[in-house]
Protein chains: 2
Amino acid sequence: MDRSVDNPDPDASEVDPSETLASHLTDRLVQAIVSGDLSSGEKLSEPELANRFGTSRGPLREALQRLEGMRLVERRPRQGARVAMVGLRELVDLYAVREALEGMACRLAAGSMDADEVRSLRRLLVDHERRPDVQADQGYFQAEVLTDFHFRVVQASGNPELVAMLAGQLYHRVRLYRYRSSQINRRPQRALKEHHQILDAIESHDGELAEILMRRHIHAARLSIEQQLAAEMSR
Amino acid sequence: MDRSVDNPDPDASEVDPSETLASHLTDRLVQAIVSGDLSSGEKLSEPELANRFGTSRGPLREALQRLEGMRLVERRPRQGARVAMVGLRELVDLYAVREALEGMACRLAAGSMDADEVRSLRRLLVDHERRPDVQADQGYFQAEVLTDFHFRVVQASGNPELVAMLAGQLYHRVRLYRYRSSQINRRPQRALKEHHQILDAIESHDGELAEILMRRHIHAARLSIEQQLAAEMSR
DNA sequence: AGCAGCGAATGTGTCGACAATCGGCATTGA
DNA sequence: TCAATGCCGATTGTCGACACATTCGCTGCT
């Protein structure tokens, strides 16, 4: 079915001994899941995955445990693990949480980012503008571009607990939603403009405005998803 | 040192076969950590813990993995696991996140709780009032009482992602802070009164007010912690 | 006396094996 | 023909063992 991870560890020869096998496996599983190699809801057989990645079941189980912690897979006792399913409904809930959390992050970032950091972020946005997919206003990787900016802002909040919550859990789960083709990222150029506005507010240390803009930014995306969900429901 | 979990599984005779050994271990470890049997920053030796709980290292490692997911322990490759340390600084950050998240939860709950649920919650508050420790305005278990109410509100939000984020991560971590004796819960009666006010707003489906009250409620606690932190810093 | 280097012991990461359990299939009975 | 039951293979949960890394304690040197 998929050739990328078929034969026993073709590239595992270059494993970093400083990191443990289980953590390496975790990364590869995350990659496989968000890229769709392991499709949503698919049952994950431990023996199969184990020799697909060329390890024993021990580290694999640890990796699965971590994925469960990220809520990328769901395990049920004596029934094995399945890739978590994130549909439109879950995505709406996720975006509602994002709205609250990233709004807060944005306010904090406005209070603590210095000129250098702002400049660096501005450069990032300019880079994004130049991307061909964005120029065509039909971004395929726009989801990554989006979270790229958002992630930086979140990090700049200076609240490690907040960062852990978003980067360690929520973002992973958002990435699980696979059918991005539609409404959500239909307007990368508009999103990019909003990013600039947000950064403007941050630059002028206007936390209140920055939060409002960020919330509105995410809220718009959420509304778009909700419409899509409503359309799907009535169908 | 501690007698509670010394001899090899005295009470493990009544293990529920429907749940796995690892998950049972997880619960017991959480209990041991938040109760202080395993003190903050303490190194967790796998072999020692394994036969202390009467299992092998396999399930224990899985339990540790889960605890790491909850951010109750920190593991470093080839160096073992330590109980996570949550000091005043982390607690402040945690409360900042709580403010955003529970404020949101409260607004949602106001929109979706029906009369029965409100009644049930009201009963809970009345029960709380009757507790001797609360009556003495010197609540020892006030932290539990507090999260009790908060947890119910969060659940009533109807947003499973939000619930998972708070109940699955943040609350566990908040419970890690051990030195609660001071400012934070010095005024259980006041907190209780605020709970009633919040519930009033929820009852009248005033989401906006409910959110404001909840945020203020948590914000007050956070300020209290911050003062304590400032005092500690200058000391 | 303090510190560097070395060896032992403990501990972590990983593996293979075994038992209990679950899902699917065929058989049997109505 | 359909439903219930028993059986079989496959998978999960758990265990013990081994190799390497890390750490601690000791010895000897400066």
Side-chain angles (χ1 to χ4, degrees), chain A residues 1 5 7-29 32 38-39 41-69 72-84, chain B residues 1 5 7-29 32 38-39 41-69 72-84:
Chain A
M1 193 177 284
V5 281
N7 46 344
D9 63 274
D11 44 6
S13 50
E14 26 170 325
V15 288
D16 184 357
S18 82
E19 92 179 9
T20 174
L21 232 183
S23 68
H24 187 67
L25 258 186
T26 307
D27 295 344
R28 293 183 66 179
L29 278 176
L38 299 174
S39 52
E42 177 176 347
K43 170 113 194 291
L44 298 178
S45 160
E46 293 182 6
E48 181 200 329
L49 282 183
N51 60 21
R52 197 209 283 218
F53 288 104
T55 67
S56 81
R57 279 179 53 221
L60 183 102
R61 279 176 69 87
E62 294 205 9
L64 285 182
Q65 207 84 36
R66 295 192 197 189
L67 292 224
E68 190 186 17
L72 289 185
V73 308
E74 293 165 4
R75 301 180 87 187
R76 290 170 58 182
R78 289 160 230 293
Q79 292 194 12
R82 320 188 78 87
V83 180
Chain B
M1 196 177 286
V5 280
N7 46 344
D9 63 276
D11 45 7
S13 51
E14 28 170 323
V15 288
D16 184 358
S18 82
E19 93 179 8
T20 173
L21 232 183
S23 68
H24 187 67
L25 258 186
T26 306
D27 296 344
R28 294 184 64 181
L29 278 176
L38 298 174
S39 53
E42 178 176 347
K43 172 119 194 292
L44 299 178
S45 160
E46 294 181 5
E48 181 200 328
L49 282 183
N51 60 21
R52 196 209 285 219
F53 289 104
T55 67
S56 81
R57 280 178 52 220
L60 183 102
R61 278 176 69 87
E62 294 205 8
L64 284 182
Q65 207 83 36
R66 295 193 197 188
L67 292 224
E68 190 186 17
L72 288 186
V73 309
E74 293 166 3
R75 300 180 88 186
R76 291 170 59 181
R78 290 162 229 292
Q79 292 194 13
R82 318 189 78 87
V83 180

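Remember, it's a predicted structure, so these values are computed and weren't measured experimentally. Convention: sequence-line order gives letters A, B, ...; per-chain numbering from 1.
- A residue-by-residue look at A:P59 and A:P77 shows that A:P59 has its nearest nucleotide of DNA chain C further toward the 5' end.
- The separation between A:L64 atom CG and D:dT11 atom P is 14 Å, rounded to whole Å.
- Rounded to an integer number of Å, the gap from CZ of B:R82 to P of C:dT12 is 11 Å.
- In this structure a side-chain-to-backbone donor-acceptor pair under 3.5 Å is missing from A:R57 to A:P47.
- Evaluation of the side-chain hydrogen bond (donor to acceptor under 3.5 Å, both in side chains) rule for A:E62 yields B:R61 as partners, not counting sequence neighbours.
- When every heavy atom of A:E48 is checked against every heavy atom of A:N51, the shortest pair comes out as O-OD1, 2.9 Å.
- Rounded to whole angstrom, the span from the CG atom of B:L49 across to the C1' atom of C:dT10 amounts to 15 Å.
- At the phosphate of D:dG13, OP1 or OP2 sits under 4.0 Å from a side-chain N or O atom of A:R75.
- For the pair B:T20 and D:dT14, the criterion of a side-chain N or O lying under 4.0 Å from OP1 or OP2 is met.
- For the pair B:L25 CG and D:dG13 P, the interatomic distance rounds to 14 Å; values are reported in whole Å.
- The nearest whole Å value for the distance from the CG atom in B:N51 to the P atom in C:dT10 is 13 Å.
- For A:S45, taking side-chain heavy atoms from C-beta onward, the closest of the listed nucleotides D:dG13, D:dT11, D:dT14 is D:dT11.
- Straight-line distance from the CD atom of B:E46 to the C1' atom of D:dT22: 14 Å, rounded to whole Å.
- Both B:E62 and B:R57 sit near DNA chain D, but only B:E62 has its closest nucleotide nearer the 5' end.
- Atoms CD and NZ, on B:Q79 and B:K43 in that order, are 8.5 Å from each other to the nearest 0.5 Å.
- Going from atom CZ of B:F53 over to atom C1' of D:dT14 covers 17 Å, rounded to whole Å.
- Between the P atom of C:dG13 and the CZ atom of B:R78 lies a distance of 7 Å, rounded to the nearest Å.
- The residue among A:Q79 and B:E48 whose nearest nucleotide of DNA chain C lies closer to the 5′ end is B:E48.
- Taking every side-chain heavy atom of A:T55 into account, C:dC15 is the closest of C:dG13, C:dC15, D:dT12.
- As judged by a 4.0 angstrom heavy-atom cut-off over every strand, A:L44 is placed among residues touching the sugar-phosphate backbone only.
- Residue A:R61 places at least one side-chain N or O under 4.0 Å from the OP1 or OP2 atom of D:dG13.
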| field | Steps toward salt bridge (charged side-chain N to carboxylate O under 4.0 Å, His left out) verdict (B:R28, B:E19) | value | CA-CA 13 Å; B:R28 294 184 64 181; B:E19 93 179 8; over 6 Å; no
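- The side chain of B:K43 sits closest to C:dT12 out of D:dC15, D:dT12, C:dT12.
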